[in-house]
2 protein chains.
Amino acid sequence: MAKPVPTITTIAEAAGVSIASVSRVFNGQPVRDSTRRRVLAEAERLGYVPNAVARSLKSNRTDQVAFAVEDIGNPVYLAMLREIQPVLRADGFRLVVHSTGGDPGEEIEVLRGLGRRHADGLVISPIRVTPDLLGALAQAAAPVVVIGSVPPGTPVDNVRADSRTGVRLALRHLLDIGRRRIGFVNGPLDTVPGERRDAAFRDGMAEAGRPVDEGLVHVGGFRRETGAEGARRLLAHPHGPPDALLCANDLIALGALDTLRAAGLRVPDDVAVVGMDDTELAAVSWPTLTSVCLGSAERGRRAAGLLLDRLRGAPPAAPAAGSARTVTVAPRLVVRASTTGGDQ
Amino acid sequence: MAKPVPTITTIAEAAGVSIASVSRVFNGQPVRDSTRRRVLAEAERLGYVPNAVARSLKSNRTDQVAFAVEDIGNPVYLAMLREIQPVLRADGFRLVVHSTGGDPGEEIEVLRGLGRRHADGLVISPIRVTPDLLGALAQAAAPVVVIGSVPPGTPVDNVRADSRTGVRLALRHLLDIGRRRIGFVNGPLDTVPGERRDAAFRDGMAEAGRPVDEGLVHVGGFRRETGAEGARRLLAHPHGPPDALLCANDLIALGALDTLRAAGLRVPDDVAVVGMDDTELAAVSWPTLTSVCLGSAERGRRAAGLLLDRLRGAPPAAPAAGSARTVTVAPRLVVRASTTGGDQ
DNA sequence: TTGTAAGCGTTATCAT
DNA sequence: ATGATAACGCTTACAA
């Protein structure tokens, strides 16, 4: 009843040859033409398909790469995924995705998975970099590329954004258009991006010779509600609302827009708004959102490239001491209506 | 130099026991306590991790499930993915994603992958259902769940949306708010959703006793540009612009909003707009977009559930003749500002 | 060109 | 409770 799955042996017997010959046929190795034909005919007839698991056991390769991020639904990670997938696919790798919820424990589990031979390599974008995670990274059983920042000396290839420059671009733009009371709505300070953007904001303000008014700084999550809430709080500032809002990502900015609209304030006339990440949401919102592109797509592409280098290279695929590569992707300010009005 | 990867044999020797005992320890089978301790100690010391590939070869399971869609970046598929992933994960399955570009050839390749034992099961959402694809579905070497519609009798579990009812809900809503000249901007008619929505539009209009004016029907891609372009064309209708636009998905609707805005028409006062799929974009756009929720998230969840049933069941996991299950997810109209103005 | 046979790292069936 | 040993399906010397 249950159709037995044909193996190389089944075919060998049916075609009256050895299993070695069958294997050769399927690996494009030299075989007599008549043999090849017979084997292929039987394979076709019996519906034979080579078993990739058995092949993996011999070759010690899975032809899979894992991609681990906090939440694959986040547009930033999605942008990376969209770039990574085709690049790896072109080299014959399938993609296994992990949504870790940002839990270092789960991320470490994924790293362990490399030892179990779940995948030949990993692209990971940890949102919280703990010592345990760094340890696991250093011990990874297969090539790993981190999208994000790791402490200097960490023996892992990594592709990072330049939040500092990005924030500076945004601040300069806001100052250029005459804004002076700039509010800042950020995500959690115990995350890498949150901490980075906070520092960058403060440095940037200092550079511009502007003091930071803590009453104009709000910290929450990287979520829309945080933007709405943060904007509400900053609008209630005793000296009146700020004339610009720098938001640590686009979702926060959208939330801020909601609040501003509800408060009857005009964007950008009364308050200019800048987001970060330049996700597809920025182009859709109304007014369209000026945003700092931190190059998610490019970071994804570069990460895939770095990983492929290691994967293609000879076995010593882990970065030899000091050979870890760091790529930094330059940010770019995408100016839209939320700061300049003008175009729709 | 190259740290040799320890195997069960390495540990057995180090601990002075047989490989069988090591295996038992790692599978929670009865072993003397002292033995267990010794094995675990050596495993820890040598950094032993069980090889999942070897395990798969024996067990004939990969603990992986594949998810194949046209473009994983499409919010609709993404919504499915977000639901599917945790459900499968809870049962210990990893997720392999495939973006097929809607090419039936690639989809068939993924189906073949099941025979190669790349995955234990598959959730697939084909956008074009060709005879070849149906053939491959019927022959799949492992359980498959289709998200979408398949011809009656196809021996595959499937979870479908109800476009017909969805379109009807939208039409009724537009008629309810007094619209009479309803335009329709659709995606390609050679895709399942495109064809379905076209038929539903015509039926719905007929039901409502309204003739279909072909000058108010536009067909393009499921893209924003199609919406912009379609709206432009319909606005130029000799009898003047329509007073409502039904768009076959949210992207199209956003494109239409662009055009309407550029033309100085008010939404919804001059033209009401309805999208479909109720993606996150609908809530972000301005005005926020009334949209027909076709239950992407729920379809994903249900599909994962159906697949798990088969995966957990005894080997005869393919639907026995006639036992294929079909689940239909009810649509729901989500009313927002693009038809009623009012709220924000 | 082809076949034999030895693994790849597990699990599982026997004995013991 | 433990140990040999035979699979699992394939690739790959080594022989013939």
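Convention: sequence-line order gives letters A, B, ...; per-chain numbering from 1.
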>> What range of DNA chain D does chain A touch, first nucleotide to last, counting atoms under 4.0 Å from its heavy atoms?
In response: D:dG9 to D:dA13
>> At 4.0 Å (heavy atoms only), tell me whether B:V53 reaches a base, stays on the sugar-phosphate, or touches nothing.
In response: nothing
>> Test of understanding: with salt bridge (Lys or Arg N to Asp or Glu O under 4.0 Å), list the residues that count as partners of B:R82, not counting sequence neighbours.
In response: A:D71
> Which residue pairs satisfy the salt bridge (charged side-chain N to carboxylate O under 4.0 Å, His left out) criterion with at least one member in residues 142-152 of chain B, sequence neighbours excluded?
Replying inline: none
> For B:E83, which residues count as a salt bridge (Lys or Arg N to Asp or Glu O under 4.0 Å) partner, sequence neighbours excluded?
Replying inline: B:R301
> What pairs of residues pass the salt bridge (charged side-chain N to carboxylate O under 4.0 Å, His left out) test when at least one of them lies in residues 118-147 of chain A, not counting sequence neighbours?
Replying inline: A:R128-A:D190
> For residues 96-115 of chain A, which residue pairs qualify under salt bridge (charged side-chain N to carboxylate O under 4.0 Å, His left out), counting only residues two or more places apart or in two chains?
Replying inline: A:E106-B:R89, A:E109-A:R112, A:E109-A:R116
> So what does A:S56 hit on the nucleic acid, given a heavy-atom distance under 4.0 Å: a base, only sugar-phosphate, or nothing?
Replying inline: nothing
>> Going by side-chain hydrogen bond (donor to acceptor under 3.5 Å, both in side chains), name the residues that satisfy it together with A:R61, two or more places apart in sequence or in a different chain.
In response: A:D63
>> I want to check something: taking the side chain as every heavy atom from C-beta on, are B:V144 and B:I124 in contact at a cut-off of under 4.5 Å?
In response: yes
> More 5' along DNA chain D: A:V49 or B:S21, using each one's nearest nucleotide?
Replying inline: B:S21
>> Requiring both pairing distances under 3.5 angstrom, list the stems that contain DNA chain D and are made of three or more consecutive Watson-Crick or G-U pairs.
In response: C:1-16 with D:1-16
>> Base contacts versus sugar-phosphate-only contacts with protein, heavy atoms under 4.0 Å: please encode nucleotides 11-16 of chain C as B, S and - from 5' to 3'.
In response: BBB---
> So what does A:V25 touch, heavy atoms closer than 4.0 Å: a base, only the sugar-phosphate, or nothing?
Replying inline: nothing
>> Taking salt bridge (Lys or Arg N to Asp or Glu O under 4.0 Å) as the definition, give me every residue that meets it alongside B:R325, ordered by chain and number, with sequence neighbours left out.
In response: B:D157, B:D309
>> Quick check on C:dG9: is either OP1 or OP2 less than 4.0 Å from any side-chain nitrogen or oxygen of B:T7?
In response: no
>> Can you confirm if the aromatic rings of B:F26 and B:Y48 lie within a centre distance of less than 6.0 Å?
In response: yes
> With sequence neighbours excluded, what pairs up with B:R94 under the side-chain hydrogen bond (donor to acceptor under 3.5 Å, both in side chains) test?
Replying inline: A:H118, B:Q64
> Which residue pairs pass the salt bridge (charged side-chain N to carboxylate O under 4.0 Å, His left out) test when at least one of the two sits in residues 42-51 of chain A, sequence neighbours left out?
Replying inline: A:E42-A:R45
